[in-house]
Amino acid sequence: VVTRDDVEEALKAVFQLVKDKEQLLQDLRSQIEETKKKNSEKQRERDYWLEYKNVGSKIHAERISSLEKDIAEVKYELERAEEYYREALKVVREENQKLFDRHMQVLSEEALKKAVGYLDKNCRREIEENEWLKEEVKIYRKEESDLKASVQLLEEENVDLVAKLIDIKLQHLGL
């Protein structure tokens with residue numbers, strides 16, 4: 001017999017998995033911040049050398065060219081990282097949704113089968129007609145949709161943050 005506690009434990013396991021995925025996303029954000037700092041350092045170095053070049057010095061023209069290539073590489077790497085993180089976020093979101101849906105479906109089916117299997121026909125009819133159970137189903141469905149909405153909002157926030165980060169990087173590059 002599957003009890004409510006069993007179902008809650010199973011849901012807690014799913015929610016822990018979701019939290020672990022959120023931690024992964026947070027780690028990805030910190031990697032983006034590190035890349036942002038590196039880009040900022042390269043930008044400051046580029047600005048210094050451009051000012052030096054504009055003053056009239058041709059001695060370090062090759063160094064400036066090299067730094068501009070480095071900035072272009074950093075920009076390219078940032079774009080690749082952004083695309084990678086977007087894809088990773090999409091994969092994590094899809095995986096989380098699939099796991100959650102699959103887990104809820106399995107738990108519901110198992111609980112129903114086990115519960116109905118132990119009851120006689122009269123009890124089964126009473127359960128089908130019982131309004132309390134119908135209300136419980138509504139509550140669980142609402143909680144499920146709330147969780148899905150929360151995950152969606154977090155994912156959209158992550159995408160917005162990555163987009164803002166890239167916009168800021170592009171502004172710092174003067175593009």
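Start at 1 with the first residue, then count along the sequence. Keep in mind the model is a prediction, meaning the values are calculated, not measured.
- Two different hydrophobic clusters hold Tyr85 and Leu154 under the rule that ILVMFWY side chains link at heavy-atom gaps under 4.5 Å.
- Legend: residues meeting side chain to side chain donor-acceptor pair (under 3.5 Å) with Tyr140, ordered by chain and number and at least two apart, are Arg4.
- Side-chain N/O atoms of Asp101 and Gln97 include a donor and acceptor closer than 3.5 Å.
- Rounding to the nearest 0.5 angstrom, the gap separating the NZ atom in Lys37 from the CD1 atom in Ile32 is 13.5 Å.
- Here the straight-line distance linking atom CG of Asn96 with atom NZ of Lys21 works out to 6.0 Å at 0.5 Å rounding.
- Taking CD from Gln23 and CD from Gln16, the interatomic distance works out to 10.5 Å, rounded to the nearest 0.5 Å.
- For the residue pair Glu22 / Gln26, no side-chain donor-acceptor distance below 3.5 Å is found, with atom types taken as modelled.
- Taking every heavy atom of both residues into account, Asn39 and Leu78 meet most closely at ND2-CD2, 4.4 Å.
- A donor-acceptor contact shorter than 3.5 Å is absent between the side chain of His103 and the backbone of Val14.
- Salt bridge present: Arg80 and Glu77 bring a charged side-chain N and a carboxylate O closer than 4.0 Å.
- Of the possible polar contacts, none joining the Ser108 side chain to the Gln105 backbone as a donor-acceptor pair under 3.5 Å is found.
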Discussion item. Between Glu135 and Lys138, is the salt bridge (Lys or Arg N to Asp or Glu O under 4.0 Å) condition met? List the steps.
Written reply: CA-CA 5 Å; Glu135 289 301 318; Lys138 288 179 185 177; 3.6 Å; yes
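- The distance from the CD atom of Glu8 to the CG atom of Leu107 is 11.5 Å, given to the nearest 0.5 Å.
- Grouping the Ile, Leu, Val, Met, Phe, Trp and Tyr side chains by contacts below 4.5 angstrom, directly or via other members, places Tyr84 with Val159.
- Between Lys148 and Glu144 there is a salt bridge, with a side-chain nitrogen of the basic residue lying less than 4.0 Å from a carboxylate oxygen of the acidic one.
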Item to complete: Using the side chain to side chain contact (heavy atoms under 4.5 Å, CB included) rule, take Lys75 and Leu170 through it: C-alpha gap first, then chi angles, then the decisive distance, then the call.
Response: CA-CA 8 Å; Lys75 180 181 172 187; Leu170 291 174; 3.5 Å; yes
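- In this structure, Leu17 shares a hydrophobic cluster with Leu99, the cluster being traced through Ile, Leu, Val, Met, Phe, Trp and Tyr side chains under 4.5 angstrom apart.
- Atoms CZ and CE, from Arg141 and Met104 in turn, are 10.0 Å apart once rounded to the nearest 0.5 Å.
- A continuous path of Ile, Leu, Val, Met, Phe, Trp and Tyr side chains, each step under 4.5 Å between heavy atoms, connects Leu165 with Leu28, placing both in one hydrophobic cluster.
- Ser150 contributes a side-chain N or O that, together with a main-chain N or O of Asp146, makes up a donor-acceptor pair within less than 3.5 Å.
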Fill in: side chain to side chain contact (heavy atoms under 4.5 Å, CB included) evaluation trace for Leu24 with Asp20
CA-CA 6 Å; Leu24 174 64; Asp20 291 345; over 6 Å; no
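- No path of Ile, Leu, Val, Met, Phe, Trp and Tyr side chains, each step under 4.5 Å between heavy atoms, connects Val151 with Leu89, placing them in separate hydrophobic clusters.
- With values rounded to the nearest 0.5 angstrom, Ser30 atom OG is found 13.0 Å from Lys36 atom NZ.
- Counting all heavy atoms, side chain and backbone alike, Lys169 lies closest to Thr35 at NZ-O, 4.5 Å.
- Side chains of Gln43 and Asp47: a donor-acceptor N/O pair is present below 3.5 angstrom, by distance only.
- Linking Ile, Leu, Val, Met, Phe, Trp and Tyr whenever their side-chain heavy atoms come within less than 4.5 Å puts Leu67 and Tyr48 in one cluster.
- Counting all heavy atoms, side chain and backbone alike, Arg46 lies closest to Glu68 at NE-CG, 4.2 Å.
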